[in-house]
Amino acid sequence: MKQRKKEEISHYEKLSERWIKKKNKNNWDKDIENYNINMLLSYNFCKNWLKQNITSNMKILDYGCGHGMHSILLAKLGAKVYGIDLSNKSLQIAKKRAEQEKINHKIKFIKGDCEKTEFPDNYFDIIWDGGTFSSLNIKKAFPELNRILKSNGKLIGIETFGHNPLINIKRWLNKKRGIRTKWAVEHIIKDKDLKFAKKYFNIEKISYFHLLAMFLFPFRNFLIGKKIFKFLDKIDYILLKNNWIKKYAFKIVFIFSKK
């Protein structure tokens, strides 16, 4: 196994260990970094799309499922869900989440490499990416995703975007502090990666989220901070429709179809 993969696995194993030690009955609904993703307009955009497009006979892959939060939503919407990840401890949390939600019969968690899965060709109706790409080699991930996606299938994902200089300074500091791996910081999705995606997918939609609101993010747990954050998040969604500004978004949501 390549060193970069070992470092990514180690990073998420440590995150999972800390989460397990601190867990309580309330934070099963939160991200592994212990914040509520449901307050973000970007995630709600994804949830609404998934609710409108998932049917009960579908097979869906949670690509780089990690701690399984997204797998739960996909299964509750009626699909047969597969979650794949290389981190044992993350998968341990994912399985526990599914048991807590009494939805484990609808989800199969698999330890496996996202860049080279063992799934058959043309297998999935929908593939969901909840922020996995920065941990991977895109040049290996995209052809693999194309291979396992059905001819009429969709790939929907949410990723952090790599063009905002202020956010990139924070990412650099996170790398120095060991909060993020060197590979992940240096492989945040950028425009060049979206252009590369066109080799394997038709780009149906890309939406841009979070700009001004991110300055309020540290205060999200305070009532007034939460209210202002949500207000600015809506303003950002309008601002980021501008071609000159959208590249500075914190996150993007993309919907691809198989080429």
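Just so it is clear, the model here is predicted, and its values are computed rather than measured.
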*Do N168 and R171 have a side chain donor and acceptor closer than 3.5 Å?*
yes
*Could K89 and E17 be called an ion pair, given the rule that one side-chain N must be under 4.0 Å from one carboxylate O?*
yes
_Looking only at the side chains, is there a donor atom on one of N57 and K80 sitting less than 3.5 Å from an acceptor on the other?_
no
*Nearest-0.5 Å distance, CD1 of residue I206 to CD of residue E204*: 11.0 Å
*Parallel, tilted or perpendicular: rings of Y123 and F119 (30°, 60°)*: parallel
*Donor on one side chain, acceptor on other, K258 and N122, under 3.5 Å*: yes
*Under the 6.0 Å and 45° cation-pi test, does K111 pair with F109?*
no
*Side-chain contact test, heavy atoms from C-beta onward, threshold under 4.5 Å: evaluate it for D129 versus E159 and give yes or no.*
yes
*Are K59 and D125 close enough for a salt bridge, meaning some N to O gap below 4.0 Å?*
no
*Basic-acidic side-chain contact under 4.0 Å: E115, R147*: no
*Are the side chain of R97 and the backbone of H67 linked by a donor-acceptor contact shorter than 3.5 Å?*
yes
*Single hit among Y63, Y82, F256 for side chain to side chain contact (heavy atoms under 4.5 Å, CB included) with I127*: Y63
_Pair F250, L211 - check side chain to side chain contact (heavy atoms under 4.5 Å, CB included), show working._
CA-CA 6 Å; F250 176 56; L211 182 63; over 6 Å; no
_Nearest 0.5 angstrom please: K226 NZ to D233 CG, how far?_
12.5 Å
*Salt bridge present between E144 and K116 (N-O < 4.0 angstrom)*: no
*Is the closest basic N to carboxylate O distance between K182 and E186 below 4.0 Å?*
yes
Side-chain donor-acceptor distances from residues 133-140 under 3.5 Å, at least two apart:
| residue | atom | partner | partner atom | Å |
| --- | --- | --- | --- | --- |
| S135 | OG | E8 | OE1 | 2.8 |
| N137 | OD1 | K139 | N | 3.0 |

